[in-house]
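Single-structure report; data block below.
Whatever order the structure lists them in is the order used to number ligands and atoms, beginning at 1.
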Amino acid sequence: MSTETIITKSDYLAFLESPRHLWAIKNAVPQLPYDPLALHQMEDGKRAERLAYDYLVDLVKTRPGCRLLYQQNFEDGPYHTRIDFLIHDTLSNTYDLIEAKSSTGLDKAKHLPDLAFQLAILQKHLEVSRCYVLHLNKDYRRDGELELDKLFILADVTDDVKNTTLDVILDRAQALCVAQLENPTEAEHCYNPRQCPYPGICHPNLPDDSIYNIAYLRANKKRELLDLGVRDINDVPDDFPLNAKQRRIVDCAKNGHIHVEHDELARLFETFEYPLWFLDYESCISAIPLFDGHQPQQQVLFQYSLHKITQPGADLEHFEFLSFTPGNPYPHLMESLRHHLGETGTIFAWHKSFESSRNKELAQLFPDHAAFMDSVETRLFDLEDIPKEHIYYHPGFKGRSSIKVVLPTLIPELSYNELPINQGSKASVAWWRMNAGEMEETERVKTQQDLLDYCHLDTLAMVKLFEFFQNVLHSGESGKTS
Ligand code: SF4
């Protein structure tokens, strides 16, 4: 065993994510850049941790003989950790171990190994009395100044952590072995490389349409296919056991066929009522409630785009709202939405669970509009269901139903590629930077237009896809071929 290899807590958590991630870190394999929203959330977590520090400073003042220790380093051989917080009871000379998390609850699968790794090291040096996760209180609603004693919850997880420590001691030894491997292929990899941070080490030269595009295929099935030497979806044997949707994804990929369920499409279209509305929201998540009435980890809604078709053959109308000056966007957004969005007609969204959650938040924040927002909810239809449920499935979707995949497959002339802001995560971060006062006026004005263009395209894309599916229905044909 090399005496130089060190396993920090971050290394250990990377090992739990996937042994190959630890190997990649230890061997300086370049990681694909983080999504802008993931970076924002990391920074947001640090902001929450600074408030956690303030909360604990106040807490310790109420406990005679106690003092707070922050970010202390400890080692046990090759295992190193930095502890977020320790409360030292100088009367009993014992310590409480506290890990601050910006989540709104306890996540035992993640938080217990994290604390147990620290405890295993710490108990070599001092007597640990209790272990806590300090997390955000999901039920807290801001009302004026932040009340830290209500914002945070100190969850006692001592018994669970102590019960996990032995497993962690065994696991961290495994992590040390993985870190010292010459070749990453000796360590396990996961079977879900779509959001892969190190594609080069697990799946070099992965075919464009691979077995990982077969939706909801279990890891054991993927392993079976890999054992058969199959990585390209076109090589999946015809008798390989798959459910109906998975088989359709494979068959459509192999023969280039488009699958259309005309009867189901007709049934759906009969349920749609004019005027038709196409709605898309943009928001940015904030760990700490920014405005009155907001809760921890709330999505702050700052923009919408809305297209309307009053009746068959009518001109397309467009409405929009964007709050792009610092401050609470909600009052004006609610007023504007109420003004633009009529009381009747089907409202289309894409991946409607997001719009639905925002509608419910609006209903809670604005009781006067709750009945209206409830009715919006009942009128909402998820246009994504059509590709997702394979009512219309094109091999170009490659097992997915995101609008960013469906749009270029069916309407290639309408593209996000040229837009400076072309993803929801970029829109979120743009609003955050503006609200935090991080934008000069020139940049703010340009970004404002970029956001309007992006959100406009989201709902225009829905209109065009709606018309596409309508044409498929009326023509009785399958639309474009690949
Ligand atoms: S496939 Fe990607 S996500 Fe999975 S272990 Fe390998 S590097 Fe990680």
Any atoms of ligand 1 less than 4.0 Å from a non-hydrogen atom of Cys196? List them with their elements.
1 (S), 2 (Fe), 3 (S), 7 (S)

Which protein non-hydrogen atom lies closest to atom 4 (Fe) of ligand 1, naming both residue and atom, and how far is it?
Cys190 SG, 2.2 Å

Going by the order shown, which atoms of ligand 1 are within less than 4.0 Å of some heavy atom of Tyr198?
7 (S)

If the cut-off is 4.0 Å to any non-hydrogen atom of His203, which atoms of ligand 1 fall inside it?
1 (S)

Audit row: Asn359, Ser356, side chain to side chain donor-acceptor pair (under 3.5 Å) steps and yes/no
CA-CA 5 Å; Asn359 290 338; Ser356 195; 5.4 Å; no

For ligand 1, which atoms sit closer than 4.0 Å to a heavy atom of Ser18?
5 (S)

Quick check: of its N, O or S atoms, which one does His21 have closest to atom 8 (Fe) of ligand 1?
NE2

Within 45° cone of Phe74 ring axis and under 6.0 Å: Lys124 NZ or CZ:
no

Are any N, O or S atoms from Cys202 nearer to atom 8 (Fe) of ligand 1 than 2.8 Å?
no

Test the Arg358-Tyr281 pair against the cation-pi criterion, namely NZ or CZ under 6.0 angstrom from the six-membered ring centroid and within 45° of the ring axis.
no

Determine whether the aromatic ring centres of residues Tyr330 and Phe291 are separated by less than 6.0 angstrom.
no

Centre of Tyr140's six-membered ring, under 6.0 Å away, within 45 degrees of the axis: is that where NZ or CZ of Arg142 sits?
no

Which ligand 1 atoms does Pro197 reach within 4.0 Å, using its non-hydrogen atoms?
3 (S)

Polar side-chain atom of Asp450 near backbone of Ile421 as donor-acceptor pair, under 3.5 Å:
no

